[in-house]
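Single-structure report; data block below.
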Amino acid sequence: MKRIQLFEFEDFSWFPDWLRSALTRLIVVLLKLLGTSEVLGQLIKPVLQSQKLDTIVDLGSGAGGAMPALLAHLRKDKALENLKVRLTDLYPNQMAIQQFNSDASSGIRYHETPVDATNIASAPAGLKTMINCFHHMPPAAARQILASAQENKQPLLIYEMVDNKLPLFLWWLLLPLSLIILMLMVWVMTPFVRPLTWRQLLFTYLIPIIPVVYAWDGQASMPRIYNHQDLDLLLASLPESDYTWTKGFGNGKNGKAAGIYLLGLPKNEA
Ligand SMILES: C[S@@+](CC[C@H](N)C(=O)[O-])C[C@H]1O[C@@H](n2cnc3c(N)ncnc32)[C@H](O)[C@@H]1O
């Protein structure tokens with residue numbers, strides 16, 4: 001398996017919630033820049049229509065990621081104007097809960113108590129999505145999620161905004177430079193973070209804890225991503241069943257690959 005099990009600060013249960021929220025709010029800015037909602041829209045729309053689903057249940061939602069923009073994008077289609085999104089996380093984001101749950105008309109609800117993505121079978125009905133979240137699962141948990149989705153015939157879309165294709169020695173070689181670039185990106189992206197708190201500003205520009213942690217977690221994410229061959233290894237041990245797995249690359253605006261995905265669907269409804 002190419003994936004390696006590095007640590008990310010945000011995975012530690014002792015990691016402060018406000019800092020985890022600050023990191024995931026920065027990811028929202030990055031996803032907007034990358035146009036991830038459109039990429040996801042192309043993958044998700046046919047699934048919702050073919051499976052006749054009216055709810056997306058997002059696991060590991062952080063600050064909401066691309067979901068609000070994705071919902072707005074998909075709702076432009078008349079057939080999907082009643083689409084709803086349920087956001088969930090092992091560490092629910094309190095600010096996002098306030099933001100989304102106070103507006104009943106938004107179509108977005110954030111589950112207020114922790115939801116562990118490894119418990120996929122107990123998640124509410126709908127298309128399950130794991131956006132930039134699956135790499136947080138060590139192989140045994142990752143395999144368990146896939147097995148459970150297949151066994152319970154749950155439609156599941158796993159998406160990571162980048163592929164894990166850089167050879168590991170190059171990743172180590174480029175690490176110092178990559179960390180500096182990511183820290184600079186945080187300084188540039190922070191004014192676009194919403195909501196922008198005094199803590200986010202203080203710990204970005206005066207005491208730069210956020211840029212340091214974001215840079216490490218961002219870099220560490222890459223070799224943790226399951227590439228297509230790694231996903232094949234996880235899937236190889238699953239029994240044959242009425243369920244299909246499709247792998248591929250997202251379609252970016254410029255026609256280039258934009259992230260990688262794995263889509264699992266019940267066969268008779270695919
Ligand atoms: C890199 S963030 C991505 C957030 C969001 N999906 C996005 O694209 O912006 C990963 C998220 O996964 C969550 N997470 C990590 N392990 C989890 C688990 N076992 N179950 C549910 N969420 C988990 C983290 O709390 C974090 O919010």
Side-chain angles (χ1 to χ4, degrees), residues 5-37 39-40 43-44 56-71 85-97 99-100 108 110-124 127-146 148-149 156-162 164 182 186 189 192-194 210 213-226 250 258-261:
Q5 183 64 35
L6 289 175
F7 81 91
E8 282 185 58
F9 287 104
E10 68 165 282
D11 281 338
F12 293 120
S13 54
W14 52 260
F15 194 65
D17 274 349
W18 69 266
L19 199 42
R20 190 179 287 108
S21 296
L23 300 181
T24 50
R25 281 200 297 272
L26 280 161
I27 303 177
V28 174
V29 178
L30 182 62
L31 294 174
K32 273 192 192 139
L33 277 172
L34 294 174
T36 303
S37 55
V39 177
L40 288 174
L43 294 172
I44 286 179
I56 297 173
V57 180
D58 188 44
L59 304 161
S61 303
M67 283 296 148
L70 173 69
L71 182 66
V85 170
R86 299 284 168 261
L87 302 176
T88 69
D89 204 287
L90 187 57
Y91 305 103
N93 182 310
Q94 294 309 319
M95 246 183 216
I97 288 173
Q99 181 190 345
F100 295 119
I108 303 178
Y110 203 126
H111 203 81
E112 296 185 16
T113 51
V115 174
D116 192 331
T118 54
N119 269 335
I120 199 166
S122 59
L127 168 65
K128 311 294 178 299
T129 54
M130 294 181 76
I131 313 299
N132 303 317
C133 171
F134 195 64
H135 67 268
H136 288 270
M137 310 298 140
R143 190 195 166 282
Q144 184 195 324
I145 289 171
L146 302 182
S148 172
L156 169 68
L157 175 72
I158 289 166
Y159 177 85
E160 300 279 355
M161 65 180 148
V162 286
N164 174 4
L182 282 186
V186 172
M189 291 192 299
F192 301 98
V193 166
R194 292 293 176 274
I210 294 174
V213 175
Y214 179 93
W216 172 258
D217 277 13
Q219 269 312 106
S221 293
M222 294 189 194
R224 297 179 89 196
I225 289 170
Y226 294 89
I260 67 168
Y261 74 87

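Throughout, numbering of the chain's residues begins at 1 and tracks the sequence. All ligand and atom numbering here is 1-based and tracks the order in the structure.
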Look only at the side chain of [X] and the backbone of [Y], and say whether a donor-acceptor pair between them is shorter than 3.5 Å.
{"X": "Tyr226", "Y": "Met137", "result": "yes"}
{"X": "Asn132", "Y": "Met161", "result": "yes"}
{"X": "Arg224", "Y": "Leu6", "result": "yes"}
{"X": "Glu10", "Y": "Leu23", "result": "no"}
{"X": "Asp17", "Y": "Gln94", "result": "no"}

Just to check, does [X] reach to within less than 4.0 Å of ligand 1 when the distance is taken from its heavy atoms?
{"X": "Leu59", "value": "no"}
{"X": "Met137", "value": "yes"}
{"X": "Leu31", "value": "yes"}
{"X": "Ile131", "value": "yes"}
{"X": "Val115", "value": "yes"}

Below 4.0 angstrom from a heavy atom of [X], which ligand 1 atoms are there? Numbered from 1 as shown, please.
{"X": "Cys133", "result": "12 (O)"}
{"X": "Tyr91", "result": "25 (O)"}
{"X": "Ser61", "result": "4 (C), 5 (C), 6 (N)"}
{"X": "Ile27", "result": "1 (C), 9 (O)"}

Checklist entry - Is a side-chain donor-acceptor pair under 3.5 Å present for Ser61 with Asp58? => result yes
Checklist entry - Of Leu146, Leu59, Ile131, Ile260, which meets side-chain contact (heavy atoms from CB on, under 4.5 Å) against Ile158? => result Leu146
Next on the checklist: Tell me the closest heavy-atom pair linking Ser148 and Ile120, and the distance in Å.
Outcome noted: OG-CG2, 3.1 Å
Item to check | Considering all heavy atoms, the nearest Ala66-Leu31 contact | outcome: N-CD1, 3.6 Å
Next on the checklist: Applying side chain to side chain contact (heavy atoms under 4.5 Å, CB included) to Ile145 and Leu156, what does each step give before you reach the verdict?
Outcome noted: CA-CA 10 Å; Ile145 289 171; Leu156 169 68; 4.1 Å; yes
Which protein heavy atom lies closest to [atom], and at what distance to 0.1 Å?
{"atom": "atom 11 (C) of ligand 1", "result": "Gly60 O, 3.6 Å"}
{"atom": "atom 14 (N) of ligand 1", "result": "Asp89 OD1, 4.1 Å"}
{"atom": "atom 3 (C) of ligand 1", "result": "Asn132 O, 3.5 Å"}
{"atom": "atom 10 (C) of ligand 1", "result": "His136 NE2, 3.4 Å"}
{"atom": "atom 7 (C) of ligand 1", "result": "Gly65 CA, 3.7 Å"}
{"atom": "atom 23 (C) of ligand 1", "result": "Leu90 CB, 3.8 Å"}
{"atom": "atom 20 (N) of ligand 1", "result": "Ala117 N, 2.8 Å"}

Checklist entry - Under a 4.0 Å heavy-atom limit, does Asp116 contact ligand 1 with its side chain, its backbone, both, or neither? => result both
Item to check | Region of Glu10 that comes within reach of ligand 1 [heavy atoms, distance under 4.0 Å] | outcome: side chain
Next on the checklist: Quick check: do Leu40 and Thr129 have side-chain heavy atoms less than 4.5 Å from each other?
Outcome noted: no
